Asker: 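Here you go, one structure.
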There are 2 protein chains.
Amino acid sequence: MAERGRPRNFDRQQALRRAMELFWRKGFDNTSMADLTEAMALRPPSIYAAFGGKEALFNEALDLYVSSQGRDIWDGIDTAPSARAAMEHLLKSTARSYSAGPGSRGCMVVLAAPQMEGANAAVSERLKAERAGNVAALERRLKRAVSEGEIAPQISCRAIANYFATVQHGMSIQARDGASRRALLAVADCAMAGWGSLVESSPAAGRE
Amino acid sequence: MAERGRPRNFDRQQALRRAMELFWRKGFDNTSMADLTEAMALRPPSIYAAFGGKEALFNEALDLYVSSQGRDIWDGIDTAPSARAAMEHLLKSTARSYSAGPGSRGCMVVLAAPQMEGANAAVSERLKAERAGNVAALERRLKRAVSEGEIAPQISCRAIANYFATVQHGMSIQARDGASRRALLAVADCAMAGWGSLVESSPAAGRE
DNA sequence: ATATTAATATAACGATCACTACAGAATATG
DNA sequence: CATATTCTGTAGTGATCGTTATATTAATAT
């Protein structure tokens, strides 16, 4: 049962946290192994032995990000007492999360890899799947609201989910451009102002 | 008056267009000089002689993008008969522009450089300034609407301008994730649904 | 003690990056 | 013609990228 061989000389979880911070701030491409060795205070072979490589390390860092930074936001979607409260929670807690640190950092899921041709395909797909999962969670919550009578059945839940996801994604750009918490919260307020009109008559049923 | 020395034997404007297409699709970092030499059908020394270097070429390609792709969108802001029509034009023409080509490409101004620490500072600042200029244009149009009586004076034009800019930026992410023209137009409709509520009582006066 | 196993540090790998020295080729001017 | 000027293609610059071969160190197992 006991570990054989020379024991590891560093805190794996702490090293992973530092990698997450770095990937969050700099993104996947702009974070070099040299950056990581410095931030994690490890030599490359230790990182490769413990995490597998840059891409595997990023994936694990993203897991940590989702389960730590995203927890409050996405758990609140299902527990909110109404779809309206859920969407407001989404945008408000997003505004607070994006402006939590010393600088406005936005969302790692949106920003960490450019969605461009030629970018690391596996990383881009992983982030894209994460975003798609979030939109799906919003749509599920809205559909639940339909079944509970909060929203009329003819409303397009997919269109509304896409809309709130779009606003949330845009907030990452704003945050990286230096938007204050107050400005981000104002954007959330503006987006929520249309709620009544949105659920009374869905402005567009179509989606893809 | 006549040109001295060996004349250039390629079309500078056509080469620039090809560079713009490439930067638009792949972004600044993911576009290598090797990619550019292939797409422009030129050898590096010709590119350096004609454009100065990768960064200068990008800046010129961005100028071309703004004046070609962005023209319709941003000229329409000032010529629209009302602020409401201007914002609707912004989002609708954005939706059409982002889904104009064979694939949904989103906006070069939003996507071409990651807003991350460690990215090329000059390029990032250039794009950031472009985005700030766009928000300012929206705010100017809204203030004009206040002076023309369309919007009540106590409304925060800056907050509303930020909101529409946020939606537009988010649409770039959606487009890159594969959103169809129809889906993008639906997002625009959702965003416009709240217009009445927005200009009746500004939900948040604050900004920065 | 000796052997085994695993983590460490040093140093370097090949690949790719943006960029450029150099020489040849194509035009102008005198 | 000769000469100056500018563009073009070849080839290669040093730097940095992610990754790894090698040897040493530190623990357990026998």
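Protein chains get the first letters and strands the later ones, always in sequence-line order, with residue 1 at the start of each. Please read these numbers as outputs of a predicted model, since none were measured by experiment.
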Asker: Can you classify the ring geometry of W195(A) versus F164(A) as parallel (below 30°), tilted (30 to 60°) or perpendicular (above 60°)?
Answerer: tilted
Asker: Report yes if the side chains of N30(B) and E117(A) come closer than 4.5 Å at any heavy-atom pair, otherwise no.
Answerer: no
Asker: Taking atom C1' of dG18(D) as reference, at what distance in whole Å does atom CG of L22(A) sit?
Answerer: 15 Å
Asker: How many Å lie between CZ on F10(B) and P on dC7(D), as a whole number?
Answerer: 8 Å
Asker: How close or far is atom P of dT8(D) from atom CG of L42(B), stated in whole angstroms?
Answerer: 7 Å
Asker: Round to the nearest Å and state the distance from F28(A) atom CZ to dC17(D) atom P.
Answerer: 13 Å
Asker: Can you tell me the distance, in whole Å, between the CZ atom of R12(B) and the C1' atom of dT6(D)?
Answerer: 15 Å
Asker: For the side-chain contact (heavy atoms from CB on, under 4.5 Å) test, which of L111(A), T94(A), L184(A), D177(A) pairs with S172(A)?
Answerer: L111(A)
Asker: Any side-chain heavy atom of L62(A) within less than 4.5 Å of one from F23(A)?
Answerer: no
Asker: Between N9(A) and dA26(D), does any side-chain N or O lie under 4.0 Å from OP1 or OP2?
Answerer: no
Asker: Would you say R6(A) reaches dA27(D)'s phosphate, i.e. side-chain N/O to OP1/OP2 under 4.0 Å?
Answerer: no
Asker: Could you tell me the separation between the CZ atom of F51(B) and the P atom of dC19(C), rounded to a whole number of Å?
Answerer: 14 Å
Asker: By nearest atom, which of the nucleotides dT19(D), dC17(C), dT10(C) is closest to the R43(A) side chain?
Answerer: dT10(C)
Asker: Which of the following nucleotides, dG18(D), dA27(D), dA18(C), is nearest to the side chain of S32(A)?
Answerer: dG18(D)
Asker: If you check every side-chain atom of P7(B), which of dA26(D), dT27(C), dT19(D) has the closest atom?
Answerer: dT27(C)
Asker: Measuring only between side-chain heavy atoms, which start at C-beta, is M87(B) closer than 4.5 Å to L138(B)?
Answerer: yes
Asker: With respect to the phosphate group of dT28(D), does any side-chain polar atom (N or O) of R4(A) fall under 4.0 Å of OP1 or OP2?
Answerer: no
Asker: Answer with base, sugar-phosphate or nothing: what part of the nucleic acid does T31(B) contact at a heavy-atom distance below 4.0 Å?
Answerer: sugar-phosphate
Asker: Is the shortest side-chain N/O distance from S46(A) to OP1 or OP2 of dA7(C) below 4.0 Å?
Answerer: no
Asker: Map G5(B) and G52(B) onto DNA chain C by nearest heavy atom, then report which one ends up closer to the 5' terminus.
Answerer: G52(B)
Asker: Starting at atom CG of D35(B), determine the distance to atom C1' of dC19(C), rounded to an integer number of angstrom.
Answerer: 15 Å
Asker: For the pair made of CD1 in I47(B) and C1' in dG9(D), what is the distance, rounded to whole Å?
Answerer: 13 Å
Asker: When you measure from the side chain of Y48(B), which nucleotide among dT20(C), dA7(C), dC7(D) comes out closest?
Answerer: dT20(C)
Asker: Identify, between D29(A) and P45(A), the residue whose nearest nucleotide on DNA chain D lies closer to the 5' end.
Answerer: D29(A)
